[in-house]
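Values in this document were obtained by computation on a predicted structure and should not be read as measured data.
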Number of protein chains: 2
Amino acid sequence: MELAERKLKILNAVIKNYLETGEPVGSRTISKYTDLNLSSATIRNEMADLEEMGYIVQPHTSSGRIPTDMGYRLYVDNLMREKETELNKKERELNEVQEFLNDKVEKVEELLQNTAKLLANNTNYATMITTPINHRGRRLKFIQLSLFEENKLLCVIVAEGNIIKNRIITLKETIDNETVLKLNIIFNTSLNGLSLEEMNIGLISKMTGQAAEHMQLVRDIIDVVGLALADEDDFKVYTSGTTNIFKYPELSESSTASEIINTFEEKNLLTNLLVDKEDSSQNKEVIQVYIGNETSVQSMKDCSVVTATYEIEEGVTGTIGIVGPKRMDYEKVVEALKAVKSQLDDRFKKHD
Amino acid sequence: MELAERKLKILNAVIKNYLETGEPVGSRTISKYTDLNLSSATIRNEMADLEEMGYIVQPHTSSGRIPTDMGYRLYVDNLMREKETELNKKERELNEVQEFLNDKVEKVEELLQNTAKLLANNTNYATMITTPINHRGRRLKFIQLSLFEENKLLCVIVAEGNIIKNRIITLKETIDNETVLKLNIIFNTSLNGLSLEEMNIGLISKMTGQAAEHMQLVRDIIDVVGLALADEDDFKVYTSGTTNIFKYPELSESSTASEIINTFEEKNLLTNLLVDKEDSSQNKEVIQVYIGNETSVQSMKDCSVVTATYEIEEGVTGTIGIVGPKRMDYEKVVEALKAVKSQLDDRFKKHD
DNA sequence: TGTTAGCACTCACTCGATAAGAGTGCTAAT
DNA sequence: ATTAGCACTCTTATCGAGTGAGTGCTAACA
């Protein structure tokens with residue numbers, strides 16, 4: 001069934017009003033604060049239709065209407081206008097972000113944490129942001145072995161994208177510095193540019209051949225390198241503004257709040273909010289909105305989650321997420337996410 | 001004024017009972033569930049005295065009594081018995097901890113996070129734990145420079161205690177591998193074993209003398225090393241079980257809970273809970289209890305904080321903390337902290 | 001045929017009154 | 001010194017009445 005123009009306008013008005021107030025909205029309100037010039041009785045008829053179609057409901061007989069998940073969906077997909085009229089405001093926000101992000105933040109960790117905080121403060125919702133990860137297998141760029149103690153070998157492993165990992169190998173045999181130098185050369189000439197999968201048996205036997213006396217050590221090092229490349233211990237989720245959810249009565253009830261906050265504390269639960277959409281990779285560009293049960297994370301069933309993917313280079317992406325009540329200000333959130341996303345993209349590219 | 005034996009017993013009974021139930025406790029309850037064999041009327045008289053002395057109060061006229069902060073203090077300092085009778089139970093817990101901590105946890109980060117979680121699950125309070133930090137200035141143990149890109153120099157800095165940091169210096173001039181080798185030798189012979197303060201002007205000029213063409217670079221590297229040694233970016237606070245506070249009605253009210261959880265989210269606020277006692281270093285061995293306003297962190301005024309310091313080697317310590325309602329089970333908490341502390345101490349010493 | 005005025009009805013919410021229950025302080029008796 | 005007894009206080013739960021927002025439906029209207 002096609003929705004008539006007028007119905008859409010009314011639905012839009014209902015949702016807009018509900019987003020602001022959080023109270024069920026009645027026919028009289030719509031009739032007054034809308035340019036439709038219709039009496040409340042007419043609005044009532046239309047609202048009854050909209051209810052029958054599933055876009056709005058009454059919390060109890062004879063109260064105003066609130067949007068259903070389906071109603072929100074329609075709003076987000078078709079009704080919502082991004083506030084492109086308020087260009088100056090948008091630009092102001094952009095500048096603020098820009099200024100903030102350019103400010104003496106050297107470490108990625110700090111940058112991301114600050115971004116989350118900025119976003120939380122500006123939106124009044126809970127936010128999260130992941131470190132960027134490489135979806136294609138990581139390649140080894142450089143390796144440096146050094147003997148820094150009698151029997152301890154430090155392996156510094158630099159992967160593509162200048163991701164640096166340190167591993168310490170405790171030696172069973174003693175080796176001299178000359179050997180270390182030799183190993184360095186062997187490893188850097190043989191392994192560089194290879195991904196985990198490409199380090200195969202043939203290669204290993206060839207390398208152990210070059211350093212016959214230290215077969216075992218070479219194997220150990222390759223193992224360590226392999227594990228280090230595969231290891232995603234540098235994948236982290238930063239959160240901020242968790243307690244913002246207390247600003248929304250519908251989420252403040254102790255059991256609800258507890259579940260949500262718990263999800264934010266258990267970072268691995270949080271990633272579920274962010275990964276499932278990696279699969280549906282139709283368009284990473286776009287900002288995704290998950291309403292209520294659409295999130296597949298049970299504890300978020302009363303929330304909406306809006307995510308954006310930022311990409312610091314081909315195939316290396318991270319996710320930014322905002323969690324709030326279903327009646328969140330989608331326009332503002334989408335706008336803010338776009339601003340932060342684009343700044344983040346730029347920022348990384350500059351520094352690369 | 002000295003407290004008579006009987007008053008102490010009654011106070012103890014009041015507090016014990018309140019810890020369990022969270023409800024104001026009346027004279028009748030005490031009279032029945034205590035071996036004093038006194039009527040409720042007598043208890044009432046004694047309780048009136050105890051109230052006058054400031055150990056207990058009535059939330060409103062004609063209700064039972066609850067302990068004041070002063071009452072809790074007396075309890076913690078003098079009345080509380082550690083459950084040494086229940087040796088088997090204690091031992092069981094110890095074993096559980098031990099088993100848990102020995103289980104395939106390689107990285108410190110994971111170990112600490114797991115410890116926090118274990119403690120939170122066992123106590124039903126919110127927990128936190130800091131990484132160990134060195135209170136004496138850190139010394140440089142080893143440095144490794146390598147050119148891993150045309151104009152990018154990787155500095156791997158190993159400090160005492162095998163704390164490893166990576167820094168990347170973007171070069172203004174180009175240098176060859178030979179120079180890097182030379183620099184490595186200069187740095188390792190000149191700087192090793194020195195703390196930040198000992199890297200003085202004289203030393204720097206001597207070093208730039210040895211590598212005359214690269215004065216600026218040498219200075220830059222020394223700067224980077226200095227910053228890296230001073231930088232405590234590896235100081236982290238891990239938390240767990242924040243949402244446990246919802247299990248206690250007196251903390252569940254949205255505004256109270258929000259403040260507490262917010263403090264847990266802002267890790268730097270949390271450190272305030274843990275550092276102020278570093279000063280009063282009389283006895284690090286002992287477990288510290290902060291009741292209500294004693295914590296100096298405003299948001300924790302309705303909570304008690306119990307902390308323990310673990311030491312992985314002379315001068316390198318971290319802190320474990322438990323936050324709960326003032327009516328927390330102090331005995332259990334102290335016991336649990338002791339168990340975890342000792343396990344943690346051992347664990348690190350073993351691996352060193 | 002679409003729109004509107006009018007009206008009866010529903011439901012949540014507030015407020016006050018009432019009753020029950022837990023606990024106290026005080027007095028007088030033991 | 002201890003205790004029984006009693007009047008008193010304060011909280012909490014429950015109930016009913018009153019109010020207000022909002023609806024659905026019907027009948028009149030353009």
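Using a 4.5 Å cut-off on side-chain heavy atoms (C-beta onward), A:Y125 and A:V306 make no contact. By the 4.5 Å heavy-atom criterion applied to side chains, B:I287 and B:T307 are not counted as neighbours.
If you measure from atom CD1 of B:I43 to atom P of D:dA1, you get 16 Å, rounded to the nearest angstrom. The nearest whole Å value for the distance from the CD atom in B:E46 to the P atom in D:dT2 is 8 Å. In this structure, CZ of B:R65 is placed 13 Å from C1' of D:dT9, rounded to the nearest angstrom. To the nearest angstrom, P of D:dG22 lies 11 Å from CZ of A:R44. The distance from atom CD of B:Q58 to atom P of D:dC8 is 18 Å, rounded to the nearest whole Å. The NE2-P distance, from A:H60 to D:dG20, rounds to 17 Å in whole Å. In this structure, B:M47 atom CE and D:dT2 atom P are separated by 16 Å, rounded to whole Å. Here the P atom of nucleotide D:dA21 and the CD1 atom of A:I30 are 16 Å apart, to the nearest Å.
Considering only side-chain N and O atoms, B:T61 lies under 4.0 angstrom from the phosphate OP1 or OP2 of D:dC10.
Nearest-nucleotide positions on DNA chain D for A:V25 and B:S40 put B:S40 closer to the 5' end.
Closest heavy-atom contact between B:M128 and B:L270: SD-CD2, 3.3 Å. Annotation for B:I56 and B:R65: closest pair CD1-CG, 3.6 Å, computed over non-hydrogen atoms.
Here A:T42 lies in heavy-atom contact (under 4.0 Å) with a base. Backbone-only engagement by A:S27 is indicated by non-hydrogen atom pairs under 4.0 Å involving sugar-phosphate atoms exclusively.
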Compile the donor-acceptor pairs under 3.5 Å between side chains in residues 25-35 of chain A and protein atoms, sequence neighbours left out, one pair per line.
from	atom 1	to	atom 2	distance (Å)
A:S27	OG	A:R44	NH1	3.2
A:S31	OG	A:L38	O	3.0

Checklist line | Full working for ring-ring contact (aromatic ring centres under 6.0 Å, His included) between B:Y75 and B:Y55 | finding: CA-CA 10 Å; B:Y75 173 77; B:Y55 293 111; over 10 Å; no
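Along DNA chain C, the stretch of nucleotides lying under 4.0 Å from any heavy atom of chain B spans, 5' to 3', C:dG23 to C:dC26.
Within a 6.0 Å radius of NZ in B:K301, more than 12 heavy atoms belonging to other residues, nucleotides or ligands are found.
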